[in-house]
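As structure tokens, the structure follows; a few thoughts come after it.
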Amino acid sequence: MPEEQAFSVLVKIMFDYGLRELFKQNFEDLHCKFFQLERLMQEYIPDLYNHFLNVGLEAHMYASQWFLTLFTAKFPLYMVFHIIDLLLCEGISVIFNVALALLKTSREDLLATDFEGALKFFRVPVPKRYRSEENAKKLMELACSMKISQKKLKKYEKEYHAMREQQEQQEAPIERYERENRRLQEANMRLEQENDDLAHELVSSKIALRKDLDNAEEKADALNKELLMTKQKLVDSEDEKRRLEEESAQLKEMCRRELDKSESEIKKNGSIIGEYKQICSQLSERLEKQQAANKGELEKIRLKVEGCEKCSILFSKEGRLKAARKLKEGSEEETDEEKEALKNQLREMELELAQTKLQLVEAECKIQDLEHTLGLALNEVQAAKKTWFNRTLTSIKTATGAQGKETT
């Protein structure tokens with residue numbers, strides 16, 4: 001609620017609901033309300049009224065705050081809100097309902113107290129009891145159930161004024177002043193007691209506030225230290241992150257170079273293997289052609305030998321030499337020359353065949369070496385990839401774990 005509206009409500013309560021009259025003419029109207037409350041007690045709670053008479057406890061000693069502050073001095077706010085709502089709806093007579101309900105619910109406890117005990121009971125236990133919303137609700141239900149007519153209040157008000165006039169007429173000035181003095185002393189005693197209570201509450205509040213302030217300062221110092229440590233950890237984490245990023249970039253660059261180098265070597269080895277395979281295929285083709293040519297030549301020679309009478313005598317059908325003792329010496333010399341020529345030609349063909357086979361074996365050995373080298377290179381590339389990936393993953397996990405711990 002804005003301040004202007006709150007002030008308007010205060011003005012309305014003070015003037016239109018008669019609360020202002022309680023503070024005028026030396027609290028004369030307030031004493032009238034005390035008299036009305038005592039007469040209502042005499043009617044609704046007679047045993048408690050008689051007990052208060054016996055111990056000398058008057059209404060102004062415990063009920064003044066109820067009327068002057070509308071129960072806001074001691075009682076919880078949620079209970080005060082209900083009282084003010086009823087006041088705005090029904091008028092100031094609602095205070096009598098709430099006061100009688102309070103006295104009626106505390107009747108047994110008050111009957112067991114003396115003068116000092118009753119005053120203390122009104123100061124502490126009564127407000128403390130209605131900190132519970134359930135008890136406050138029951139009290140308001142009881143207050144609303146009590147019917148106090150305005151006619152009865154007017155009657156008690158007339159009795160009070162008649163009594164005051166009679167007292168003024170009968171009392172001597174000295175007695176009236178003594179009575180007024182006693183009333184003022186009692187009011188002074190009550191105000192001093194209230195002042196002591198307020199001073200005690202003020203000191204307790206100051207101590208509690210000082211303690212809370214010290215705790216808040218200690219907490220603020222701890223939070224500042226924690227903030228500085230967190231900032232330092234953040235700076236360290238950023239440096240570590242920067243370093244890890246640089247290492248990651250270096251690892252990536254190194255792995256990229258290694259991969260490029262491995263790919264170039266693989267391409268080179270592949271080209272070499274392709275060339276050797278091509279050479280081997282060419283040598284195989286040449287060998288097959290040479291073998292076919294040699295078979296053809298051998299077949300021609302065999303046919304020529306079979307067609308020649310002299311040669312058929314020297315060679316068998318399988319191409320082996322036969323014994324020829326009965327040949328003539330001239331025939332032997334010619335046959336020896338031809339035989340030698342054929343042997344030389346056969347030796348050259350065998351030598352060429354052996355060289356071809358040797359080249360083929362060497363080519364196969366080189367192919368095996370190249371395949372072995374290629375396998376090693378591929379294994380190294382795979383190992384390099386796995387090592388780089390594992391190191392990068394481990395670095396990222398370590399950095400993430402460290403940052404998580406620092407954040408926690």
Side-chain angles (χ1 to χ4, degrees), residues 1-24 27-34 36-38 40-41 57-106 109-110 118-144 146 148 153 187 189-206 208-209:
M1 179 183 292
E3 294 180 358
E4 295 82 1
Q5 294 181 6
F7 183 74
S8 299
V9 172
L10 175 63
V11 172
K12 187 76 173 177
I13 292 174
M14 293 295 289
F15 284 89
D16 294 352
Y17 288 86
L19 192 64
R20 184 171 178 268
E21 301 298 325
L22 300 178
F23 298 89
K24 294 170 63 178
F27 300 98
E28 186 65 27
D29 192 61
L30 179 62
H31 287 286
C32 178
K33 296 290 189 291
F34 293 153
Q36 290 173 319
L37 178 61
E38 289 178 346
L40 291 170
M41 285 180 61
L57 186 65
E58 298 180 1
H60 65 85
M61 298 179 183
Y62 57 86
S64 58
Q65 288 186 349
W66 298 353
F67 288 94
L68 295 176
T69 66
L70 300 180
F71 299 92
T72 59
K74 297 287 186 180
F75 292 90
L77 288 178
Y78 51 81
M79 175 180 168
V80 174
F81 293 155
H82 290 298
I83 295 173
I84 293 177
D85 289 340
L86 291 173
L87 174 71
L88 295 175
C89 293
E90 303 294 336
I92 199 170
S93 61
V94 170
I95 299 176
F96 294 109
N97 296 65
V98 178
L100 286 175
L102 281 172
L103 293 170
K104 197 169 185 180
T105 54
S106 305
D109 296 324
L110 290 171
L119 290 178
K120 186 176 180 181
F121 184 80
F122 279 114
R123 284 198 306 271
V124 180
V126 171
K128 187 176 181 181
R129 175 181 296 176
Y130 298 103
R131 290 177 185 174
S132 170
E133 293 188 11
E134 184 178 357
N135 292 337
K137 185 178 179 181
K138 290 180 180 179
L139 176 69
M140 298 310 300
E141 291 176 354
L142 178 62
C144 294
M146 301 182 68
I148 301 175
L153 292 176
M189 183 186 303
R190 178 179 54 80
L191 292 174
E192 286 180 354
Q193 184 64 37
E194 292 178 358
N195 187 31
D196 293 339
D197 295 339
L198 292 174
H200 182 266
E201 291 180 3
L202 180 61
V203 171
S204 301
S205 301
K206 285 184 176 180
L209 289 174

Worksheet, complete the sentence: All heavy atoms of L30 vs all of L22, minimum pair found to be CB-O, 3.7 Å
Worksheet, complete the sentence: Between E21 and D29 the two heavy atoms that sit nearest each other are O-CB, 3.4 Å
Under 3.5 Å, which donor-acceptor pairs do the side chains of residues 91-106 form with other protein atoms, sequence neighbours left out?
unit_1	atom_1	unit_2	atom_2	d
S93	OG	Q150	NE2	3.0
N97	ND2	A143	O	3.2
N97	ND2	M146	O	2.8
T105	OG1	A101	O	3.0
T105	OG1	L102	O	3.0
T105	OG1	Y130	OH	2.7
S106	OG	L102	O	3.2
S106	OG	R129	NH1	3.3

Worksheet item: What distance separates C144 SG from H82 NE2, expressed to the nearest 0.5 Å?
Response: 9.5 Å
Fill in: Set of side chain to side chain contact (heavy atoms under 4.5 Å, CB included) partners for A187, sequence neighbours left out
R190
Discussion item. Please determine whether side-chain contact (heavy atoms from CB on, under 4.5 Å) holds for the pair I13 and R20, giving the CA-CA distance in whole Å, both sets of side-chain angles, and the decisive distance to 0.1 Å.
Written reply: CA-CA 8 Å; I13 292 174; R20 184 171 178 268; over 6 Å; no
Worksheet entry | Check: M140 and I83 side chains under 4.5 Å, non-hydrogen atoms | yes
Discussion item. Quick one, Q36 with K33, criterion side-chain contact (heavy atoms from CB on, under 4.5 Å). Give me CA distance, side-chain angles, the key distance, then yes/no.
Written reply: CA-CA 5 Å; Q36 290 173 319; K33 296 290 189 291; 3.3 Å; yes
Discussion item. Can you confirm whether L191 sits close enough to E194 that some side-chain heavy atom of one is under 4.5 Å from a side-chain heavy atom of the other?
Written reply: yes
Practice prompt. Check whether more than 12 heavy atoms from other residues, nucleotides or ligands sit under 6.0 Å from atom CZ of F23, and answer yes or no.
Written response: yes
Fill in: Side chain Q65, main chain A73, donor-acceptor under 3.5 Å
no
Practice prompt. Applying side-chain contact (heavy atoms from CB on, under 4.5 Å), run through F27 and H31 and close with a yes or a no.
Written response: CA-CA 6 Å; F27 300 98; H31 287 286; 4.2 Å; yes
Discussion item. Looking at L88, is its backbone amide N or carbonyl O close enough to the side chain of Y17 to form a donor-acceptor pair, meaning the two atoms are under 3.5 Å apart?
Written reply: yes
Fill in: Under the salt bridge (Lys or Arg N to Asp or Glu O under 4.0 Å) test, residues paired with E90 that sit two or more places apart
none
Discussion item. Test side-chain contact (heavy atoms from CB on, under 4.5 Å) on L57 and F122; report intermediate values, then the result.
Written reply: CA-CA 12 Å; L57 186 65; F122 279 114; 4.2 Å; yes
Discussion item. Parallel, tilted or perpendicular: which one describes the rings of F67 and F34, with boundaries at 30° and 60°?
Written reply: perpendicular
Item to complete: For the pair K138 and E134, evaluate salt bridge (Lys or Arg N to Asp or Glu O under 4.0 Å) and give the outcome as yes or no after the intermediate values.
Response: CA-CA 6 Å; K138 290 180 180 179; E134 184 178 357; 3.8 Å; yes
Worksheet item: Quick one: does E38's side chain have a donor or acceptor within less than 3.5 Å of a partner on E58's backbone?
Response: no
Worksheet item: So, do P2 and Q5 sit near enough that their side-chain heavy atoms are less than 4.5 Å apart?
Response: yes
Discussion item. Nearest 0.5 Å, please: how far is CG in L119 from CZ in F121?
Written reply: 12.0 Å
Worksheet entry | Neighbour count >12 (heavy atoms, 6.0 Å) for atom CD, E141 | yes
Fill in: Qualifying residues under salt bridge (Lys or Arg N to Asp or Glu O under 4.0 Å), relative to D197, sequence neighbours excluded
R123
Discussion item. Just to verify, what does K12 make a salt bridge (Lys or Arg N to Asp or Glu O under 4.0 Å) with, not counting sequence neighbours?
Written reply: D16
Practice prompt. Only counting residues at least two apart or in another chain, list the ones meeting salt bridge (Lys or Arg N to Asp or Glu O under 4.0 Å) with E4.
Written response: none
